[in-house]
Amino acid sequence: RKKQSLKRILNYFLSLVQYYFKHSFLFTMPIYITIDVSNFCQLKCPLCPTGQGLEGREKKNIPFALFKKIIDELAPYAYGLDLQNWGEPFFNPDIFKMIKYAVGKGLFTNISTNFQILFRNEDFDNLVKIFSVAFNFIWKGIPIFWRSMMNDIGNENFFSFKSSKF
């Protein structure tokens, strides 16, 4: 883990003070960032506006140049980053470059996937190298209706990854 900068630490404590005093105007920068790197998704989840086609946004991926600009501006102040919101992040062809860049800037990087994308073995190897951690699946904790919905789509990719890496 990288050493934390004074700028990041001060931003964090100032945000706590502003939260405590319930300020309506904040002087701090974000301490956690969410970037929807892709708003494409192949699932039709019943509770998701993307899956139900309710979004009014054009379907596209964020370009790496814009991602880099956002990270360069906010990383000195923030601790963490979510690389998904209402889409499947692995539809973005630059996702591995984005993860590596964010981690290199000292951001705890979180990514969530439905594991329905057809991954290549080198993609998984890249993830393990970037994060230097093991993956933890909570497959048994997924509610029954989600499991049955994913069974309709096919779980071959998830199970082949799980069995080949663990």
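By convention here, the first residue in the shown sequence is residue 1.
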Quiz item: Shared ILVMFWY cluster between M98 and I70, side chains joined below 4.5 angstrom?
Solution: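 In one cluster: yes.
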
Quiz item: Out of curiosity, does I9 fall in the hydrophobic cluster containing I31 (side-chain heavy atoms, cut-off under 4.5 Å, transitive links)?
Solution: yes

Counting distance only, does the side-chain N/O of [X] pair as donor-acceptor with the main-chain N or O of [Y] below 3.5 Å?
| X | Y | value |
| --- | --- | --- |
| Q84 | P89 | no |
| N92 | I62 | yes |
| R8 | A78 | yes |
| K59 | N39 | yes |

Nearest-0.5 Å distance that lies between atom [atom1] in [X] and atom [atom2] in [Y]:
| X | Y | atom1 | atom2 | answer |
| --- | --- | --- | --- | --- |
| I33 | Y77 | CD1 | OH | 11.5 Å |
| E73 | M29 | CD | CE | 5.0 Å |
| I71 | L107 | CD1 | CG | 5.5 Å |
| S112 | E88 | OG | CD | 8.0 Å |
| L66 | D94 | CG | CG | 11.5 Å |

Quiz item: Which pair of non-hydrogen atoms, one from V37 and one from L83, has the smallest distance, and what is that distance?
Solution: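 In this case the closest contact between V37 and L83 is CG2-O, 3.4 Å.
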
Quiz item: What pair of heavy atoms forms the shortest contact from F91 to S38, and how long is it?
Solution: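 Heavy atoms only, the tightest pair is CB-OG, 3.5 Å.
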
Quiz item: Do F96 and F90 come close enough that some side-chain heavy atom pair is under 4.5 Å?
Solution: yes

Practice problem: Could you check if a side-chain atom of F67 sits within less than 4.5 angstrom of a side-chain atom of N61, using non-hydrogen atoms only? | Solution: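 No, their side chains stay 4.5 Å or more apart.
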
Exercise. Could you tell me which residues satisfy ring pair (Phe, Tyr, Trp, His ring centres under 6.0 Å) with F64, sequence neighbours excluded, listed by chain and number?
Key: Y101

Exercise. Using ring pair (Phe, Tyr, Trp, His ring centres under 6.0 Å) as the criterion, list what pairs up with F25, not counting sequence neighbours.
Key: F27

Exercise. Mind checking side chain to side chain donor-acceptor pair (under 3.5 Å) for D82 and listing every partner two or more places apart, or none if nothing turns up?
Key: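 Checked D82 against side chain to side chain donor-acceptor pair (under 3.5 Å); matches are Y32, N110.
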
Quiz item: Between Y79 and Y12, how do the two ring planes meet: parallel, tilted or perpendicular, split at 30° and 60°?
Solution: perpendicular

Quiz item: What pairs meet the salt bridge (charged side-chain N to carboxylate O under 4.0 Å, His left out) rule with one or both residues in residues 61-70, with sequence neighbours excluded?
Solution: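 Listed once each, the pairs are K68-D72.
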
Quiz item: Partners of F21 by side chain to side chain contact (heavy atoms under 4.5 Å, CB included), sequence neighbours excluded?
Solution: V17, H23

Self-check item: Connected hydrophobic set around Y19, excluding itself, where side chains approach under 4.5 Å
Solution: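 For Y19, no cluster forms, as it stays isolated from other hydrophobic side chains.
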
